[in-house]
Amino acid sequence: MECTNLNIVEELRNRGLIAQTAGEEELESHLLSGMRTVYCGFDPTADSLHIGSLVPLLALKRFQLSGHKPLAVAGGATGMIGDPSFKSQERKLNSAEVTQAWTASIKKQLEQFIDFDCGKNSALVVNNLEWTENLDIISFLRDIGKHFSVNAMIQKESVKQRIEREGEGISFTEFAYSILQSYDFAHLNSMFDCTVQIGGSDQWGNITAGIDLTRRMNQKQVYGLTLPLVTKADGGKFGKTEDGTIWLDPARTSCYAFYQFWINTADADVYNFLKYFTFLDVAEIDAIEEKDKSAQGRPEAQGILAKEVTKLVHGEEGLVAAERISEALFSGDISVMTESDFEQLKQDGMPSSVSSDATLTLVQALVDSELASSNKMAREFIGNGAVTVNGKKISDSAIELVWDTAFFGKYFLLKRGKKLFHLLYKA
RNA sequence: GGAGGGGUUCCCGAGUGGUCAAAGGGAUCAGACUGUAAAUCUGACGCGUAAGCUUCGGUGGUUCAAAUCCACCCCCCUCCA
């Protein structure tokens, strides 16, 4: 990768990706005057990252594209402690085995996003357990802890509610989290000459603490930048659907479901999301917005967003699969699908299940497939005309599914509502 | 330790002996309209085809009948020590 040296700060600013910076002008000239090593940490709170981590992850890549060296840290150590920042409750600790297993899978995910073979600014992924597991308690308290003022630490907004709120508290373990993360920054600074840390805006307190510690331990000036929390225009929580979190791991959230998540982005959010989650030029995004505005009917933006993000996360292959299913289900005529298309749907992440029953009622099938939460609901859906079997609307709730009438004698494609599908197939 | 106020169906919140599966709002889901939007309108929203069954912090009691009354217990909040 060439060192293009475009102004990354300005680029982030144009995309609305800067929440806070420690000395924006200084940081800007620091980044313009040479290749810098930029770090961002990701703690293992599950065996996969979810789309909440996408903004910082892509930001690392943006830094790399502008010629800087990204350094992703998997929080094998910090994940053992638990970040209390803006968390209203103390969290339970996971076992060491679990945390280390999660760290390993997260490390693997991080590696997909940044380039490890582009010369000088090739990326680095490290685990912060490497430099903390052998840290002894006395050194920790004397060499690191001495630089922290508890008075200052309890002033931080990020732990305020835990300290002030009645009925809540914070253990020493979580309280010390910030020290651990600060030490990461100082350590990375001396090991890799890392001078910039980025993170979500909830990380501001931890980042500034790291800047202070690095100055005190290494006598070096380092910088911080936080990215905004992604919000939706309707006030809802970003990244959650009825079915829960949108994960980056296709085993947890299929490429198809992932693609659909982005397709369903509200108009009010989609142009911002294009700036947050894709590498398209801001000018290009503005052009899309202009075009959508002047054209009537369906905007193109959601399709572009879904395509770009799915490709980034799941690659060309994942995108093709997601598009194939979406095409078949939403625009194409299902009856033109071949037997192998159905097989493909299954493999591509279409929710599906096997049935070994000779015959079963449609009501039962809807409940089994979780398209309806109870028989009563299933009947109501059928009565409302919300249920389709193999492309045909069914309004009789007494109907039975007979395999002879299935596609290829073995597939029933159930649909409830406008966008919920389930493939039922014969054993 | 003392005084007071609370815990209601996903959330907020009304209900103080039968007319309560429990007002109202939000969230959610479906239908119509659309663009696999938004807004709007309609409907559903404990389980059951139904009869009916199971819910109102927990346990026990009073009563023909309890979310509502009584006893004990658990949890939360406010004030005092």
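A note on names: the letters A, B, ... follow the listed sequences, proteins ahead of strands, and every chain is numbered from 1.
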Please state the P separation for the pair B:rC45 and B:rC74 - nearest whole angstrom. 39 Å

Base, sugar-phosphate or nothing for A:Asn384? Non-hydrogen atoms, less than 4.0 Å. sugar-phosphate

Mind checking whether A:Phe342 and A:Tyr411 have parallel, tilted or perpendicular rings, split at 30° and 60°? parallel

Write down the distance between CD (A:Gln364) and C1' (B:rG48), rounded to a whole number of angstrom. 14 Å

Across all strands, who's sitting opposite B:rC69 as a Watson-Crick or G-U wobble pair, both distances under 3.5 Å? B:rG61

Length of the line joining A:Leu420:CG and B:rG31:P, which is rounded to integer Å: 11 Å

In whole Å, what separates the C1' atom of B:rG15 from that of B:rU55? 15 Å

Are the side chains of A:Phe140 and A:Leu135 in touch, meaning some heavy atoms are under 4.5 Å apart? yes

Any carboxylate oxygen within less than 4.0 angstrom of a Lys/Arg side-chain nitrogen, looking at A:Arg324 and A:Asp341? no

B:rA38 - base-pair partner by Watson-Crick or wobble geometry, distances under 3.5 Å: none

Is there a Watson-Crick or G-U wobble partner for B:rU49 with both distances under 3.5 Å, and if so, which one is it? none

Tell me whether the OP1 or OP2 atom of B:rA37 has a side-chain N or O from A:Arg298 closer than 4.0 Å. no

Whole Å only: how far is the NZ atom of A:Lys232 from the P atom of B:rA37? 14 Å

What does A:Asp234 touch in the nucleic acid at a heavy-atom separation under 4.0 angstrom: a base, only the sugar-phosphate, or nothing? nothing

Does the side chain of A:Val313 reach to within under 4.5 Å of the side chain of A:Phe258, using non-hydrogen atoms? yes

What nucleotide among B:rG48, B:rC45, B:rU36 has an atom nearest to a side-chain atom of A:Ser374? B:rG48

Length of the NZ-P vector between A:Lys376 and B:rG48, whole Å: 7 Å

Closest-nucleotide mapping onto RNA chain B: is A:Pro299 or A:Lys393 further toward the 5' terminus? I mean the 5' end. A:Lys393

Euclidean distance, atom CG of residue A:Asn375 to atom C1' of B:rA44 [Å, nearest integer]: 16 Å

Quickly work out the A:Gln302 CD to B:rA38 C1' distance and round it to whole Å. 11 Å

Inspect the contact between A:Glu11 and A:Arg15 and indicate whether a charged nitrogen and a carboxylate oxygen are less than 4.0 angstrom apart. yes

Where the side chain of A:Lys418 is defined as all heavy atoms beyond and including C-beta, which of B:rC47, B:rC29, B:rU34 is the nearest nucleotide? B:rU34

When rounded to the nearest Å, what value does the distance between P atoms of B:rC47 and B:rA23 take? 15 Å

Let me know the distance between NZ of A:Lys419 and C1' of B:rG35, rounded to the nearest Å. 10 Å

Out of B:rG35, B:rC29, B:rU49, minimum distance to the side chain of A:Phe381 belongs to B:rC29

Provide the Watson-Crick or G-U wobble partner of B:rA23, both distances under 3.5 Å; none if there is no partner. none

Measure from CZ on A:Arg379 to C1' on B:rC47 and round the result to the nearest Å. 11 Å

How far, in whole Å, is B:rG57 from B:rU9 if one measures between their C1' atoms? 14 Å

Now, which nucleotide makes the Watson-Crick or G-U wobble pair with B:rA44, with each of the two distances under 3.5 Å? B:rU28

Using 30° and 60° as the class limits, which term best fits the ring planes of A:Phe273 and A:Trp262: parallel, tilted or perpendicular? perpendicular

If you assign A:Ser373 and A:Thr265 each to the RNA chain B nucleotide with the nearest heavy atom, which residue ends up on the more 5' nucleotide? A:Thr265

